[in-house]
**Student:** 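The structure is given below, and queries will be raised subsequently.
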Amino acid sequence: MDVNTLVQGGIDAETIDSLERVLLEADFGVDASMELVQTLERAAERGKVSSEDDLRTLLGDRIREMLDSGVDGSVPPAQLRRAPSGQSVVLFLGVNGTGKTTTVAKLAWRLTQAGDTVLLAATDTFRAGAQEQLKVWAERVGCEYVGGKPGGDPAAVAFDAVEAAERRAIDWVLVDTAGRLHTEHSLMEELKKIDRVIGRKIDGAPHERLLVVDATSGQNVLNQAHQFGSALDLTGLVLAKFDSTARAGTAVAVARELSIPVRFLGTGESEEALEQFDADVYVTKILEAG
């Protein structure tokens, strides 16, 4: 870039380049980073900003706009869609090792603390210990639990869970699924089957399909959103392990490319460590890293 064209009230190419490095190191990805940098360059060229603080403020505003592109307006991004009446169902998706089961438990705790009743459905009938792990969490946070036989049909577990919730007049059903990759065709078809079975049992369900991703995994987050989004209509993103990284910019790329809002941030191991997503807090964390 031409340094001379960017000198306006102390703003020069080096300052903008340093902010570009912040974006790339935070895993915003090339496309989102370049779009943001071009915004800063145009503002500098036109004399719209007069200091590095102005640039950072403008950058933060533009990041928020990108995040808002994933919000459809019908539901605030940090809140969950609820059924008009009866049971509300949340389906959790993700690859192995993202903290999905723990996230299910954390959300259950939040909902019970708000006075709602919750049932956890353990549809991972294959991974050793998966059902027992969720059952322990259910007891810990004070909610109901439905599991299945080892090696059983995951969709049948989901059906049984929704049926039990209806019978017991429980407000929420949180469905934990087995971790899987998009290349595992049979497992992706299994996921679609779980989704279909829930929809047949309750009209409009699942009301949320939340993709849980490891915030430390960089551009893999965008790849996973593409992969799972091609199978099911995702409604939100949960950034697990957000407290362990300054490299969570890829969430902006997901919102920008796929119009999927960030709903929650995982900030620790305890049941309380799930925060509603706050764009201001998110932007501050990203910019502080630079």
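Everything quoted here is computed from the prediction, not taken from an experiment. Below, all heavy atoms of this structure are taken into account, side chains as well, without hydrogens, waters or symmetry copies.
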**Student:** Testing the basics here: between P261 and S259, what is the closest heavy-atom pair and its distance to 0.1 Å?
**Tutor:**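 What the structure gives for the nearest pair is CD-O, 3.9 Å.
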**Student:** Just do the salt bridge (charged side-chain N to carboxylate O under 4.0 Å, His left out) check on R81 and E208 with the steps written out, would you?
**Tutor:** CA-CA 6 Å; R81 291 179 176 84; E208 293 280 2; 3.5 Å; yes
**Student:** Show me the side-chain donor-acceptor pairs of residues 161-179 shorter than 3.5 Å, one per line, residues at least two apart or across chains.
**Tutor:**
from	atom 1	to	atom 2	distance (Å)
R168	NH1	E144	OE1	2.9
D171	OD2	T117	N	2.8
D171	OD2	T117	OG1	3.1
W172	NE1	D116	OD2	2.9
D176	OD1	K100	NZ	3.4
D176	OD2	T101	OG1	2.6
T177	OG1	F92	O	2.6

**Student:** Within this structure, what is the NE2-CG distance for the pair H226 and L222, rounded to the nearest 0.5 Å?
**Tutor:**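 So the gap between those two atoms works out to 4.0 Å.
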**Student:** Applying side chain to side chain contact (heavy atoms under 4.5 Å, CB included), run through Y145 and L134 and close with a yes or a no.
**Tutor:** CA-CA 8 Å; Y145 167 86; L134 195 64; 4.2 Å; yes
**Student:** What's the separation between atom CG in L40 and atom CZ in R56, rounded to the nearest 0.5 Å?
**Tutor:**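 Nearest 0.5 Å value for the CG-CZ distance: 10.5 Å.
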**Student:** Hey, could you give me the CD/OG1 distance between E190 and T123, rounded to the nearest 0.5 Å?
**Tutor:**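 If I round to the nearest 0.5 Å, the distance is 7.0 Å.
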**Student:** Do S51 and D53 have side-chain N/O donor and acceptor atoms under 3.5 Å apart?
**Tutor:**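 Judged by distance alone, the side chains do not pair up.
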**Student:** Could you measure the distance from the CZ atom of R180 to the CD atom of E184? Nearest 0.5 Å is fine.
**Tutor:**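 One finds 8.0 Å between CZ of R180 and CD of E184.
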**Student:** Would the distance check show the side chain of R140 and the main-chain N or O of E271 forming a donor-acceptor pair, the cut-off being under 3.5 Å?
**Tutor:**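 Looks like no, no N/O pair under 3.5 Å.
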**Student:** For A155 versus V197, what's the shortest heavy-atom pair and its separation?
**Tutor:**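 Distance-wise, the nearest heavy atoms are O-CG1, 3.7 Å.
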**Student:** Examine Y282 and L23 and state if one hydrophobic cluster contains both, with Ile, Leu, Val, Met, Phe, Trp and Tyr joined whenever side-chain heavy atoms are less than 4.5 Å apart.
**Tutor:**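 Yes, it is one cluster - the side chains of Y282 and L23 are joined through contacts under 4.5 Å.
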**Student:** Applying salt bridge (Lys or Arg N to Asp or Glu O under 4.0 Å), can you list everything that pairs with D61, at least two apart in sequence or on another chain?
**Tutor:**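 If we apply the salt bridge (Lys or Arg N to Asp or Glu O under 4.0 Å) test to D61, skipping adjacent residues, the hits are R64.
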**Student:** Is there a donor-acceptor pair closer than 3.5 Å between any side-chain N or O of H207 and the backbone N or O of V89?
**Tutor:**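 Checking the backbone N and O of V89 against the side chain of H207, a donor-acceptor pair under 3.5 Å is found.
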**Student:** Are V254 and L232 linked, directly or through other ILVMFWY residues, by side chains that come within less than 4.5 angstrom of each other?
**Tutor:**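 Yes, same cluster.
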**Student:** Using 0.5 Å steps for rounding, measure from the OG1 atom of T250 to the CG atom of L239.
**Tutor:**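 CG of L239 is found 9.0 Å from OG1 of T250.
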**Student:** Within the 4.5 Å heavy-atom criterion, are M188 and Q227 side-chain neighbours or not?
**Tutor:**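 A side-chain contact under 4.5 Å is absent here.
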**Student:** Can you name the closest pair of heavy atoms from D243 and G268 and give their distance?
**Tutor:**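 The answer is OD1-N, 3.7 Å.
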**Student:** Which residue in the set L237, L234, V90 passes side-chain contact (heavy atoms from CB on, under 4.5 Å) when paired with L210?
**Tutor:**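 Testing L210 for a side-chain contact (heavy atoms from CB on, under 4.5 Å) against L237, L234, V90 leaves exactly one candidate, V90.
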**Student:** Determine, stepwise, if the pair D124 / R127 fulfils salt bridge (charged side-chain N to carboxylate O under 4.0 Å, His left out).
**Tutor:** CA-CA 6 Å; D124 185 351; R127 182 170 61 91; 3.3 Å; yes
**Student:** Under 4.5 Å between any side-chain heavy atoms of V141 and W137, yes or no?
**Tutor:**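 They are in contact (side-chain heavy atoms under 4.5 Å apart), so the answer is yes.
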**Student:** May I have the step-by-step check of side chain to side chain contact (heavy atoms under 4.5 Å, CB included) for L58 and D54, ending in yes or no?
**Tutor:** CA-CA 6 Å; L58 176 61; D54 289 345; over 6 Å; no
**Student:** Can you check whether K149 reaches T125 side chain to side chain, under 4.5 Å on heavy atoms?
**Tutor:**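 A side-chain contact under 4.5 Å is absent here.
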**Student:** L211, L67: one ILVMFWY side-chain cluster at the under-4.5 Å cut-off?
**Tutor:**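 Yes; L67 is reachable from L211 via cluster members.
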**Student:** Do the charged groups of E189 and K193 touch, with an N to O distance under 4.0 Å?
**Tutor:**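 No, this pair does not count.
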**Student:** Heavy atoms, side chains only, cut-off 4.5 Å: are T39 and L36 in contact?
**Tutor:**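 T39 vs L36: side chains apart.
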**Student:** Answer yes or no: is there a donor N or O on one side and an acceptor on the other, between the side chain of S88 and the main chain of A83, under 3.5 Å?
**Tutor:**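 Yes; judged by distance alone, with no hydrogens or angles, the pair exists.
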**Student:** Can K192 and D195 be counted as an ion pair, charged N to O under 4.0 angstrom?
**Tutor:**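 Result for this pair is no, no salt bridge flagged.
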**Student:** Compare all side-chain heavy atoms of R110 with those of E272 and state whether any distance is below 4.5 angstrom.
**Tutor:**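 A side-chain contact is absent here, since even the closest heavy-atom pair is not under 4.5 Å.
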**Student:** Could you state whether L187 and V157 fall into the same hydrophobic cluster, counting links through intermediate Ile, Leu, Val, Met, Phe, Trp or Tyr residues with side-chain heavy atoms under 4.5 angstrom apart?
**Tutor:**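 No, L187 does not connect to V157 through the hydrophobic network.
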**Student:** Would you say L191 and L258 are hydrophobically clustered, going by side-chain heavy atoms of ILVMFWY under 4.5 Å?
**Tutor:**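 Yes, L191 and L258 fall within the same hydrophobic cluster.
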**Student:** Run the side chain to side chain contact (heavy atoms under 4.5 Å, CB included) test on M66 and I63 for me, step by step, so that the C-alpha distance in whole Å, both residues' side-chain angles and the decisive distance to 0.1 Å come before the verdict.
**Tutor:** CA-CA 5 Å; M66 285 185 170; I63 291 172; 5.6 Å; no
**Student:** What are the two closest non-hydrogen atoms of A251 and V262, and how far apart are they?
**Tutor:**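 Closest approach of A251 to V262, heavy atoms only: CB-CG2, 3.8 Å.
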**Student:** Can you give me the closest heavy-atom contact between A205 and I198, atom names plus distance?
**Tutor:**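 Smallest heavy-atom distance, with atoms named: CB-CG2, 3.5 Å.
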**Student:** Going by an N to O cut-off under 4.0 Å, is there a salt bridge joining K135 and E132?
**Tutor:**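 A salt bridge is absent here (no side-chain N lies under 4.0 Å from a carboxylate O).
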**Student:** Do any N or O atoms from the side chain of R209 and from the backbone of D233 form a donor-acceptor pair under 3.5 angstrom?
**Tutor:**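 Side chain of R209 to backbone of D233: a pair is present.
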**Student:** Checking side chain to side chain contact (heavy atoms under 4.5 Å, CB included) for the pair F264/L80: CA distance, chi angles, key distance, verdict?
**Tutor:** CA-CA 10 Å; F264 297 98; L80 295 172; 3.8 Å; yes
**Student:** Taking CG in D280 as the centre, count heavy atoms belonging to other residues, nucleotides or ligands within less than 6.0 Å. Is the count above 12?
**Tutor:**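 Yes, enclosed.
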**Student:** Between V212 and L93, is any pair of side-chain heavy atoms under 4.5 Å apart?
**Tutor:**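 Sidechains of L93 and V212: no contact.
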**Student:** Suppose we screen for side chain to side chain contact (heavy atoms under 4.5 Å, CB included). Which residues come up paired with K48, at least two apart in sequence or across chains?
**Tutor:**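 Once residues adjacent in sequence are excluded, the partners of K48 under the side chain to side chain contact (heavy atoms under 4.5 Å, CB included) criterion are A43, R46.
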**Student:** Is any side-chain heavy atom of V95 closer than 4.5 Å to a side-chain heavy atom of F228?
**Tutor:**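 Yes, their side chains come closer than 4.5 Å.
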**Student:** Using only atom types and a distance under 3.5 Å, with no angle test, would you say the side chain of S33 pairs donor to acceptor with the backbone of G29?
**Tutor:**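 Yes, because the side chain of S33 sits within donor-acceptor range (under 3.5 Å) of the backbone of G29.
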**Student:** Please round to the nearest 0.5 Å and tell me the distance separating atom CG of L59 and atom CD of E52.
**Tutor:**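 Result: 10.5 Å between the selected atoms.
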**Student:** So, do I194 and L91 sit near enough that their side-chain heavy atoms are less than 4.5 Å apart?
**Tutor:**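 Side-chain contact under 4.5 Å: yes.
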**Student:** Looking at every heavy atom in both Q219 and D27, which two are closest together, and how far apart are they?
**Tutor:**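 Taking Q219 first and D27 second, the nearest heavy atoms are NE2-O, 2.8 Å.
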**Student:** Do the charged groups of R62 and E35 touch, with an N to O distance under 4.0 Å?
**Tutor:**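 E35 and R62: salt-bridged.
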